[in-house]
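See below for the structure under consideration.
What you see below is based on every heavy atom in this structure, not just the backbone, and it leaves out hydrogens, waters and symmetry mates. For ligands, and for the atoms within them, numbers begin at 1 and follow the listed sequence.
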Amino acid sequence: MGIAIDIADDWHASLAALAWHVEAGVDEVTGDGPVNRYDLSVELPRRTAVLPGAEVARQSGVQDPRVELGSSVDAVAAAKALAAQAQTLDELRAVMEGFDLCELKRGARNLVFADGNPAARVLVLGEAPGAEEDREGRPFVGRAGQLLDRMFAAIGLSRTSPDPATALYITNVLPWRPPGNRDPEPAEIAMMRPFVERHIALASPVVIVAMGNTPLDALTGQRGILRARGTWMEVLGKPLLPMAHPAYLLRNPAAKREAWADLLALQKRLRG
Ligand code: URA
């Protein structure tokens, strides 16, 4: 079935309209007039973004604060300049809210910045928000997050604890949900890495736990979480413990035994 629909200006309204039509059995979408997609003579407008903190960006080597979207080199330089500007976690959240160079932001409902106690000794770094996190604006609130909470509770750590010794601080490499929960792309990880590094510097945890391949990659440049898990590393002057992602543990319950060993290793390190 095919019908013509008006696409609203608002992204979420458009998505809701499309979802409704798909549910109603529509499998073809047409416009009012025919479009010749082979006609390359029409030049599309180039999209540019005006960065907040343009002066800082300029001083830090970004020549022109209007950075072309799609240019990952400029986006990384801009992210570095902006991240360096933030002197507190609130400022970091603000500069990330204003960062328009990551395409993921356009499809996300909320920036998912962090949750838990920023004074915690343990910082948990995840991959990216899923649908529930995107809706709530908090990391790890879906099924994987519930497992994460149970895992850390088993060694006496909680995101709701006011005591830094028993608290958790939780954030992600990407603050915006990738469409359809696809894996983050290398360019997206590279673009957001300066914010992650600044986040860690400002929160200043005693230990970092990298949950899954994306945070392992963002912090160490290596992948292969199932090989790396349980092996202590050092990044940004801090001990790093890679662990399997709780979503992986939900799909592979047999791997929970190794995750438990990793949690005990973390507990031992914190006691020592
Ligand atoms: N998975 C993650 O890595 N992070 C979240 O916030 C949710 C699921």
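By the 4.5 Å heavy-atom criterion applied to side chains, Tyr248 and Asn213 are not counted as neighbours. By the 4.5 Å heavy-atom criterion applied to side chains, Met211 and Leu125 are not counted as neighbours.
Residue contacts with ligand 1: Pro139 is placed with no nitrogen or oxygen under 3.5 Å of a nitrogen or oxygen of the ligand (distance criterion only). Note: an N/O pair closer than 3.5 Å links Asn172 and ligand 1 by distance alone.
For atom 5 (C) of ligand 1, the nearest non-hydrogen atom of the protein is Ala128 O, 3.4 Å. What sits closest to atom 1 (N) of ligand 1 on the protein, heavy atoms only, is His245 NE2, 3.2 Å.
Residue pairs meeting the salt bridge (charged side-chain N to carboxylate O under 4.0 Å, His left out) criterion with at least one partner in residues 233-242, sequence neighbours excluded, are absent.
Short contacts between ligand 1 and Gly126, defined as distances under 4.0 Å to a heavy atom of the residue, involve ligand atoms 3 (O).
Ion pair Arg182/Glu188 flagged as a salt bridge, since at least one NZ, NE, NH1 or NH2 atom sits closer than 4.0 Å to an Asp/Glu carboxylate oxygen.
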Side-chain donor-acceptor contacts of residues 140-167 below 3.5 Å, not counting sequence neighbours, with atom names and distances?
from, atom 1, to, atom 2, distance (Å)
Asp149, OD1, Arg159, NE, 3.0
Asp149, OD1, Arg159, NH2, 3.2
Asp149, OD2, Arg159, NH2, 3.2
Ser158, OG, Thr160, N, 2.9
Ser158, OG, Thr160, OG1, 2.8
Arg159, NH1, Asp115, OD2, 2.9
Arg159, NH1, Pro139, O, 2.9
Arg159, NH2, Phe140, O, 2.5
Ser161, OG, Asp163, N, 3.1
Ser161, OG, Asp163, O, 3.3
Ser161, OG, Thr166, OG1, 2.7
Asp163, OD1, Ala165, N, 3.0
Thr166, OG1, Asp163, O, 3.4

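Contacts between Glu133 and ligand 1, counted as non-hydrogen atom pairs separated by less than 4.0 Å, involve the side chain only.
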